[in-house]
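Working notes, beginning with the structure itself.
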Amino acid sequence: MKVIKNASQMQRIAFKHLLDGDEIGLVPTMGALHAGHISLIEKSVKNDDVTIVSIFINPVQFGPNEDYLKYPRPIKNDLQICKKNYVDYVFMPTVNDMFPSDHKTFVEVKTLQDIMCGVFRPTHFRGVATVVSKLFNISYADRAYFGMKDFQQLKIIEKMVKDLNFRTKIVPCPIVREKSGLALSSRNSYLSSQEKNFAISISKTLKEASIEFKNKPFNIVNKNALNKLKKIPNSKIDYIEIVNLNDLSPTSKNAKKAALAVAVWVGKTRLIDNIVMTK
Ligand code: AMP
């Protein structure tokens with residue numbers, strides 16, 4: 001496994017693999033790797049000739065009062081995980097390499113970037129779409145792996161790829177959860193053990209909602225779930241929405257499938273989760 005810290009060097013290496021006819025898989029991450037990330041890596045290692053894992057805490061996707069500085073950076077452990085899972089290249093660029101002070105170009109996916117999490121994090125998805133575009137250009141990825149945990153992010157990247165004719169195929173990967181149901185997240189490390197117990201109610205609520213969805217109108221499902229989330233101690237709900245699986249628009253009354261997506265603060269930690277519901 002090679003660790004590459006420079007974007008041009010990574011691009012040269014990736015281009016050589018492309019010329020050699022290798023299929024390249026990219027797993028974009030912000031590090032603090034857990035079993036959720038590993039599930040993406042495993043898929044790439046299985047599907048692709050070459051697997052590149054990027055570890056880059058992208059300042060452009062954090063708002064001014066968000067957790068950029070305190071975001072966990074257990075780099076030694078991350079590299080061990082990558083090595084153990086047969087990653088070929090870990091791409092770990094510096095902020096200055098990716099976003100030098102004269103950087104001027106940004107990618108926006110209108111409408112999709114402004115709803116749900118975008119209401120509360122207005123510049124977040126512009127930062128995500130921009131860094132992912134750069135990573136696609138640097139890696140020449142044939143496939144890139146994204147978790148359904150970040151459902152809105154996945155939809156935004158899928159739309160960006162379609163609108164801008166990127167060659168990279170997006171591979172959505174299911175959410176990996178703890179036994180308790182809590183969706184794995186690098187931010188779970190911020191939770192005290194008591195807060196973690198409170199946070200378990202989020203996934204429990206989503207699961208119960210998906211059962212109710214089978215025979216109850218979606219607005220009742222949404223209302224019941226909202227009432228359950230409101231009971232979580234020391235919490236604040238940013239949003240709870242039932243949306244169309246393809247374009248995140250409000251679901252229609254007769255939809256046979258929809259996603260229930262939530263963002264909830266537990267103490268000082270903002271957690272997102274979602275579930276795909278079918279009739
Ligand atoms: P992050 O490091 O949080 O930016 O996440 C990098 C990638 O891992 C994104 O595509 C996430 O959706 C994905 N991911 C994060 N947590 C999980 C999880 N619990 N299950 C599956 N994928 C995940």
Side-chain angles (χ1 to χ4, degrees), residues 27 29-43 57 66-67 70-74 77-78 80-82 84-85 116-117 120-121 145-155 171-216 218 220-243 245 257-278:
V27 182
T29 82
M30 297 205 301
L33 303 180
H34 50 64
H37 299 113
I38 294 171
S39 72
L40 274 53
I41 293 172
E42 282 173 347
K43 270 216 171 113
I57 306 177
E66 294 183 352
D67 56 340
K70 79 163 185 179
Y71 199 86
R73 290 161 166 84
N77 192 48
D78 284 351
Q80 273 168 8
I81 289 175
C82 288
K84 206 171 138 204
N85 287 283
M116 299 161 70
C117 282
F120 303 89
R121 308 184 72 191
Y145 298 79
F146 287 87
M148 290 176 71
K149 158 84 172 25
D150 299 86
F151 195 70
Q152 187 174 8
Q153 169 176 283
L154 169 67
K155 294 292 134 181
V171 185
C173 304
I175 302 175
V176 177
R177 298 177 179 281
E178 286 188 357
K179 263 213 182 90
S180 67
L182 180 67
L184 293 184
S185 162
S186 306
R187 289 190 167 97
N188 290 352
S189 64
Y190 301 154
L191 297 169
S192 68
S193 58
Q194 193 191 41
E195 287 173 338
K196 213 166 170 187
N197 278 332
F198 296 155
I200 290 166
S201 303
I202 299 171
S203 55
K204 193 163 168 270
T205 299
L206 295 183
K207 191 142 187 235
E208 288 166 2
S210 73
I211 295 165
E212 282 188 10
F213 183 76
K214 295 200 178 294
N215 50 30
K216 286 196 179 130
F218 78 92
I220 303 290
V221 174
N222 197 327
K223 201 168 121 205
N224 289 345
L226 174 64
N227 286 333
K228 286 177 193 168
L229 292 181
K230 276 185 181 163
K231 293 200 180 105
I232 301 176
N234 195 16
S235 71
K236 182 171 81 74
I237 302 164
D238 270 359
Y239 67 84
I240 165 164
E241 283 182 40
I242 300 183
V243 294
L245 285 176
K257 259 181 151 194
L260 173 58
V262 302
V264 181
W265 288 86
V266 177
K268 291 198 166 95
T269 307
R270 187 175 186 275
L271 301 171
I272 56 169
D273 200 352
N274 68 83
I275 195 161
V276 173
M277 308 188 293
T278 48

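One is the number of the first residue; the rest follow in order along the sequence.
Remark: Ile232 CD1 to Asn197 CG distance equals 11.5 Å, nearest 0.5 Å. Separation of atoms NZ (Lys216) and CG (Asn224) is listed at 6.0 Å; rounding is to 0.5 Å. Taking CD1 of Ile211 as the reference point, atom CG of Leu206 lies at 11.5 Å (rounded to 0.5 Å). To the nearest 0.5 angstrom, Lys231 atom NZ is 10.0 Å from Leu226 atom CG. Here the CZ-CD distance, from Arg121 to Glu66, works out to 4.0 Å after rounding to the nearest 0.5 Å.
When all heavy atoms of His37 and Leu33 are compared, the closest pair comes out as ND1-CA, 3.2 Å. Of all the heavy atoms in Tyr145 and Leu40, the pair that sits closest is O-CD2, 3.5 Å.
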Problem - Worked check of side chain to side chain contact (heavy atoms under 4.5 Å, CB included) between Phe151 and Phe146 - result: CA-CA 9 Å; Phe151 195 70; Phe146 287 87; over 6 Å; no

Practice task
Using the side chain to side chain contact (heavy atoms under 4.5 Å, CB included) rule, take Ile242 and Met277 through it: C-alpha gap first, then chi angles, then the decisive distance, then the call.
Solution key: CA-CA 9 Å; Ile242 300 183; Met277 308 188 293; 3.9 Å; yes

Practice task
Begin from the C-alpha positions of Ser210 and Leu260 and carry the test side chain to side chain contact (heavy atoms under 4.5 Å, CB included) through to its verdict.
Solution key: CA-CA 8 Å; Ser210 73; Leu260 173 58; over 6 Å; no

Practice task
For the pair Glu42 and Cys173, evaluate side chain to side chain contact (heavy atoms under 4.5 Å, CB included) and give the outcome as yes or no after the intermediate values.
Solution key: CA-CA 11 Å; Glu42 282 173 347; Cys173 304; over 6 Å; no

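Remark: Lys196 NZ is loosely packed, at most 12 non-hydrogen atoms of other residues, nucleotides or ligands lying under 6.0 Å away. Open room surrounds NZ on Lys257; 12 or fewer heavy atoms of other groups in view lie less than 6.0 Å from it. The 12-atom threshold is not exceeded at NZ of Lys268, counting heavy atoms of other residues, nucleotides or ligands nearer than 6.0 Å.
Exactly one residue among Leu182, Ile237, Ile240, Leu271 makes a side chain to side chain contact (heavy atoms under 4.5 Å, CB included) with Ile202. That residue is Leu271.
Within the 3.5 Å criterion, the main-chain N or O of Met148 finds a donor-acceptor partner in the side chain of Asn274. The backbone N or O of Lys149 sits nowhere less than 3.5 Å from a side-chain atom of Asp273 that would complete a donor-acceptor pair.
Taking 4.5 Å as the limit, every side-chain heavy atom of Lys228 sits out of range of all side-chain heavy atoms of Ser201. Between Ser189 and His34, the closest side-chain pair of non-hydrogen atoms is not below 4.5 Å. Residues Met30 and Ser186 are not in side-chain contact: their nearest non-hydrogen atoms beyond the backbone lie 4.5 Å or more apart. With contacts defined as side-chain heavy-atom distances shorter than 4.5 Å, the pair Asn234/Glu195 qualifies. Side-chain contact between Lys214 and Thr278 is present, with at least one heavy-atom pair separated by less than 4.5 Å.
Taking the six-membered ring where tryptophan is involved, the planes of Tyr190 and Tyr71 are perpendicular, since the angle between them exceeds 60° and thus also 30°.
In this view, Lys204 and Glu208 satisfy the salt bridge (charged side-chain N to carboxylate O under 4.0 Å, His left out) rule, not counting sequence neighbours. By the side chain to side chain donor-acceptor pair (under 3.5 Å) test, Glu241 pairs with no residue at all, sequence neighbours left out. Here Arg187 pairs with Asp67 under the side chain to side chain donor-acceptor pair (under 3.5 Å) rule; sequence neighbours left out.
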